[in-house]
Amino acid sequence: MTTTFELTRNPFGRLVLTTTEGVVHEGVSPVRAFPVQAPEDGISLLNTDGKEVAWIDMISDLPPAIGALVAEELGGREFMPEISRINSVTSYATPCTWSVATDRGDTEFVLRGEEDIRRLTVDTLLISDIHGIHYLVRDLRELDKHSKKILDRFL
């Protein structure tokens with residue numbers, strides 16, 4: 001059940017959570033419990049010590065102003081481009097450079113090894129580049145034939 005609280009932004013841009021008991025927590029950070037499978041469900045608000053001070057079942061259950069603050073803060077903290085097409089790879093041996101189309105534009109990254117491609121579900125992959133940036137393939141079935149053929153060489 002979503003904890004009842006007030007959420008505002010202080011003059012320094014940090015989130016401030018006030019509980020129904022009047023306890024104030026400055027600098028809280030939202031963290032998704034299930035960032036890939038259920039990104040809008042199960043969000044913990046953590047204090048600066050990393051302890052949970054509030055729980056959100058679903059962002060859509062929050063008052064619009066609080067929901068907007070949580071979504072804005074999550075968007076600023078998270079960066080996980082979603083791959084929609086694999087244009088090319090420099091080699092089928094690793095390390096190699098991948099050229100991909102994502103929901104945030106075209107980019108290139110270096111894949112260190114096959115172990116950096118993790119299967120989260122039957123149709124969902126998480127690919128980590130040499131710098132630790134994660135790229136998501138939400139549904140393998142939605143990729144074009146060319147992209148699937150490239151991925152098959154690495155899986």
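Each residue takes its place number in the sequence, starting with 1. Remember, predicted model here, so these are calculated numbers, not experimental data.
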Tightest non-hydrogen contact, residues Arg14 and Gly27, listed as NH2-CA, 3.4 Å

- Message: Taking the basic N atoms (NZ, or NE/NH1/NH2) and the acidic carboxylate oxygens, is any pair closer than 4.0 Å for Glu72 and Arg9?
- Response: yes

Between the CG atom in Leu120 and the CG atom in Leu136, the distance rounded to the nearest 0.5 Å is 7.0 Å

The reported gap from CD in Glu142 to CG in Asp123 (rounded to nearest 0.5 angstrom) is 9.0 Å

>> Are there over 12 heavy-atom neighbours, none belonging to Lys148, within less than 6.0 Å of that residue's NZ?
In response: yes

For His131 and Asp129 the tightest heavy-atom approach is N-OD1, 2.8 Å

Sorted by chain and residue number, the side chain to side chain contact (heavy atoms under 4.5 Å, CB included) partners of Ala68 (sequence neighbours excluded) come out as none

Rounding to 0.5 Å, atoms CG (Leu7) and CG (Leu45) come to a distance of 6.5 Å

| request: Using a 4.5 Å cut-off on heavy atoms from C-beta on, say whether the side chain of Glu82 contacts that of Val137. | output: no

_Using side-chain contact (heavy atoms from CB on, under 4.5 Å), reason through Leu111 and Ile127 one step at a time and then give a plain yes or no._
CA-CA 8 Å; Leu111 180 73; Ile127 302 171; 3.9 Å; yes

Rounded to the nearest 0.5 angstrom, the CD1-CE distance for Ile43 and Met58 is 10.0 Å

With a 4.5 Å cut-off on side-chain heavy atoms, are Glu26 and Asn10 touching? yes

Single-linkage hydrophobic cluster, 4.5 Å side-chain cutoff, Leu143 and Leu155 together:
yes

Please determine if Asp49 and Lys51 form a salt bridge, counting it only when a charged side-chain N lies under 4.0 Å from a carboxylate O. no

Considering only distance and modelled atom types, tabulate donor-acceptor pairs under 3.5 Å from the side chains of residues 88-97, sequence neighbours left out.
residue, atom, partner, partner atom, Å
Thr90, OG1, Thr97, N, 2.9
Ser91, OG, Ala93, N, 2.9
Ser91, OG, Ala93, O, 3.3

message = Could you check whether Trp55 and Phe5 have their ring centres less than 6.0 Å apart?
response = no

| field | Beyond-backbone contact of Thr8 with Leu17, side-chain heavy atoms, under 4.5 angstrom | value | no

Value for OG1 (Thr121) from CG (Asp139), rounded to nearest 0.5 Å, stands at 8.0 Å

The side chain to side chain donor-acceptor pair (under 3.5 Å) partners of Ser99 (sequence neighbours excluded) come to none

- Message: Tell me if the CD atom of Glu6 is crowded by more than 12 foreign heavy atoms within 6.0 Å.
- Response: no

Review point. Where do Val70 and Glu40 land on the side-chain contact (heavy atoms from CB on, under 4.5 Å) test, with the steps shown first?
Key: CA-CA 10 Å; Val70 171; Glu40 302 301 312; over 6 Å; no

